[in-house]
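Please read the structure below before turning to the comments.
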Amino acid sequence: MLSLLRRITQEVAAAESLSAALDIIVRRVRRTMRAEVCSVYLVDPNSKEYLLMATRGLNAEVAGSASLKPDEGLVSLVGRRAEPVNLEDAQKHPSFHFLKGTGEERYKSFLGVPIIHHREVLGVLVVQHEEKRRFDESEEAFLITLSAQLASIIAHAEATGAMTVFNKSQDITHSDLRYKGIPGSSGVAIGTGVVVYPPADLNAIPDRVADDPEKEIADFREALEGARKDIRQASSRLSQHLSSDERELFDVYLRMLDDNMIASEIETKIKAGNWAQGALRQVFLSHIAQFNMMDDPYLRERATDIRDLGSRILSHLQESAPSAANRFSEPSIVIGEELTASMLGEIPLDKIKGLVSVRGSGNSHVAILARAMGIPTVMGAMDLPYAQLDKKSMIIDGYSGKIFTNPSERMIESYQQVVDEQKVLEEEFLVLKDLPCETKDGHRMSLFVNTGLSADIGLSLDRGAEGIGLYRTEVPFMVRERFPTEKEQEYIYRKQLEGFAPAPVTMRTLDIGGDKALPYFSIKEENPFLGWRGIRVTLDHTEIFLGQIRAMIKASSGLHNLKIMLPMISNVAEVEEAQSLIRRSFMEVKEEGYDVQMPQIGVMIEVPAAVYQVKALASIVDFMSVGSNDLTQYLLAVDRNNPRVADLYSPFHPAVLRALLNIVIDVKHEGISLSVCGEMAGDPMGAILLMAMGYDTLSMSSTSLPKVKAVIRNINVEQANDMLEQVMTLVHADAVTQTMTRLMREADIERLVKPSKSNQSEH
Ligand code: PEP
Ligand code: MG
């Protein structure tokens with residue numbers, strides 16, 4: 001049963017169009033269940049009617065035109081109830097409605113299951129029999145399982161325009177097609193898309209119009225020859241170590257490459273207009289899908305070999321292709337299936353207008369970097385047909401997470417107003433640079449910045465930061481091909497410390513794991529956010545930890561403005577162990593003759609265990625900073641990186657607010673400084689609430705700093721306390737944000753938060 005389900009799902013996923021996919025569904029389900037009829041109805045998003053899209057057993061001629069009203073017939077009953085309806089004699093049911101022209105009058109038994117994606121009923125899958133009998137439990141379970149698996153494929157296909165349904169043109173050349181993602185970094189970008197992709201990843205290659213098909217064919221042939229050479233070399237290199245059976249595998253590879261069919265299929269696609277890499281992807285993925293569908297496990301395994309061959313040819317092709325940096329002749333909107341910090345590192349910053357990542361969420365690290373750089377960003381645009389967007393004109397709205405492809409003049413004009421308004425606001429904020437961050441009634445707050453890139457230093461000082469509250473040291477580790485040496489680290493850290501001296505610079509020790517991978521230090525885990533992450537990795541690798549600490553302390557020589565912060569602390573022992581290593585490093589560096597002082601040592605409070613042990617931790621450290629990004633993730637058990645659960649991720653969830661308030665209450669009398677350095681601190685709404693709770697330092701991206709300062713300078717403490725008091729009584733995260741929006745409007749500070757145009761519903 002399992003393999004049957006898998007095969008049907010794979011076949012459907014590989015279909016080239018919605019109608020082909022639906023046709024496979026009805027054909028395969030009818031055969032597998034030995035049903036006389038199988039049909040699929042999809043809901044028209046406009047009229048809400050159920051349109052018969054595909055059928056086997058009913059009159060196929062009416063497919064595409066016969067439909068049921070939202071409250072008509074058993075099909076709509078399944079949709080409205082969002083649960084299966086299983087009847088021995090459908091015609092006796094009061095909701096039965098005979099759909100003219102289908103020929104269904106012969107069929108008595110009826111089983112309909114809803115096709116549900118993200119709580120929305122997309123349609124109904126129906127099987128019918130002439131004989132009066134209830135479908136049994138296992139038949140019902142099979143149809144439910146299949147429908148659940150098919151739902152996301154259908155939703156994706158509908159949304160990405162792989163299909164034409166309901167006369168809603170999905171042609172990417174049409175104006176103002178709208179796609180939904182998750183806000184990553186605020187701001188609007190209007191420009192042309194450039195699709196980037198990791199090297200040698202067949203799936204990630206976009207389609208692109210070939211400028212010179214002849215050259216593309218020549219490049220492809222050369223790459224093919226390169227791949228052949230690799231295999232011959234590998235075969236002779238390994239010949240003494242392999243049995244004849246194993247050597248045979250290389251011959252099979254070579255025969256596949258010599259098979260003119262694949263090569264000529266690729267060349268045909270190039271002649272039809274695609275560039276060599278796109279044509280290679282199309283042809284290889286379709287062959288891989290065919291092998292994956294085979295019943296014979298040996299043949300199914302061959303899909304891996306085919307993929308390997310495709311990747312080999314691809315890496316040869318990519319050797320001759322221009323580098324990412326060279327492809328950016330003008331500032332563009334960078335689009336990727338999964339953008340990473342190292343990908344961004346390869347593109348000159350002045351060439352990035354906006355960012356779109358199909359995977360990831362608003363609190364993924366790439367979104368945090370984008371906010372630090374002030375680049376409008378949309379994350380988690382799961383249904384975006386990104387492979388087709390190279391060189392296409394588009395608008396991205398980082399406030400709401402929307403993307404418009406091929407925008408009309410009207411849409412461009414309207415969004416241009418948002419861009420202009422944003423500029424005006426930014427200029428207004430410039431005058432705030434040298435003014436203190438204090439409320440109207442004189443309560444002083446300290447605003448620090450989060451950094452990671454060297455470019456941050458100048459930007460942060462320009463915007464009036466009072467110090468660095470979080471320097472994410474993993475960023476310089478991520479953009480290299482090996483661990484940086486102690487000397488290299490010292491140089492990088494010195495720039496941060498010097499740039500801000502005498503103001504304090506809080507350097508966090510390496511926080512890798514979770515969604516922060518180093519290309520040269522792979523951590524593969526089932527559950528990376530609960531695994532080997534942050535302090536857990538560095539305490540297990542003292543050579544990395546000590547090298548980093550020594551580099552930090554040496555870099556602070558003569559400046560004395562270093563603070564060291566430990567990430568992912570979940571127990572007291574980790575702090576004690578790290579402290580003793582830091583003390584040891586300090587003594588060593590001092591003995592080497594450096595003019596250094598013992599740095600203050602602090603911890604991040606970002607794991608629920610640390611919240612409950614906050615007093616014990618406070619008694620042994622010099623400072624604390626709440627990492628609200630991870631604290632939200634771990635308290636709510638919501639992966640900060642997963643777009644599927646992004647709606648559940650909110651630092652304004654009452655449980656998170658309660659934890660934040662309790663931390664202040666618990667450490668108020670411990671005499672240590674307490675800050676927040678998660679993204680919430682840079683959100684004006686969050687900043688107001690945190691100030692009212694009693695946090696005295698907020699650390700945020702330099703882009704958020706002027707906005708937060710403007711907001712704080714425009715309210716008084718009493719107003720903030722009143723807002724906190726009101727929201728602490730609420731039980732829903734949405735109610736908290738709605739109430740805060742209203743209260744901020746009443747206090748006349750909403751205007752400072754985002755351009756008024758970006759709120760308009762037409763967007
Ligand atoms: C946090 O978790 O809030 C934090 C500041 O650290 P990071 O986002 O780097 O995990
Ligand atoms: Mg964190």
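Every number for a ligand or one of its atoms is a count from 1 in the order of the listing.
Formation of a donor-acceptor pair under 3.5 Å by the Lys516 side chain with backbone atoms of Leu510 is not found in this model. Side chain of Glu525 to main chain of Trp532: a donor-acceptor pair is present (N/O by atom type, distance under 3.5 Å, no hydrogens or angles). When atom types are taken as modelled, the side chain of Gln579 and the backbone of Ile601 share no donor-acceptor pair closer than 3.5 angstrom.
The shortest heavy-atom contact between Glu679 and Asn629 is N-OD1, 2.8 Å.
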Expected rows: ligand 1 N/O, protein N/O, dist below 3.5 Å:
unit_1	atom_1	unit_2	atom_2	d
ligand 1	2 (O)	Glu606	OE1	3.0
ligand 1	2 (O)	Asp630	N	3.0
ligand 1	2 (O)	Asp630	OD2	3.0
ligand 1	3 (O)	Gly627	O	3.4
ligand 1	3 (O)	Ser628	N	3.1
ligand 1	3 (O)	Asn629	N	2.7
ligand 1	3 (O)	Asn629	ND2	3.3
ligand 1	6 (O)	Arg508	NH1	3.0
ligand 1	8 (O)	His365	NE2	3.4
ligand 1	8 (O)	Arg472	NH2	3.0
ligand 1	8 (O)	Asn629	ND2	2.9
ligand 1	8 (O)	Arg640	NH2	2.8
ligand 1	9 (O)	His365	NE2	3.1
ligand 1	9 (O)	Arg472	NE	2.8
ligand 1	9 (O)	Arg472	NH2	3.4
ligand 1	9 (O)	Arg508	NH1	3.2
ligand 1	9 (O)	Arg508	NH2	2.8
ligand 1	9 (O)	Lys516	NZ	3.3
ligand 1	10 (O)	His365	NE2	3.3
ligand 1	10 (O)	Arg533	NH2	3.4
ligand 1	10 (O)	Asp630	OD2	3.0
ligand 1	10 (O)	Arg640	NH1	3.0

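The ring of His541 has its center closer than 6.0 angstrom to the ring center of Phe521.
Note: angle at the Mg ion (ligand 2), from OD2 of Asp630 to OE1 of Glu606, is 100° (rounded to 10 degrees).
The pair Arg359-Asp515 does not meet the salt-bridge criterion, since no charged nitrogen lies less than 4.0 angstrom from a carboxylate oxygen.
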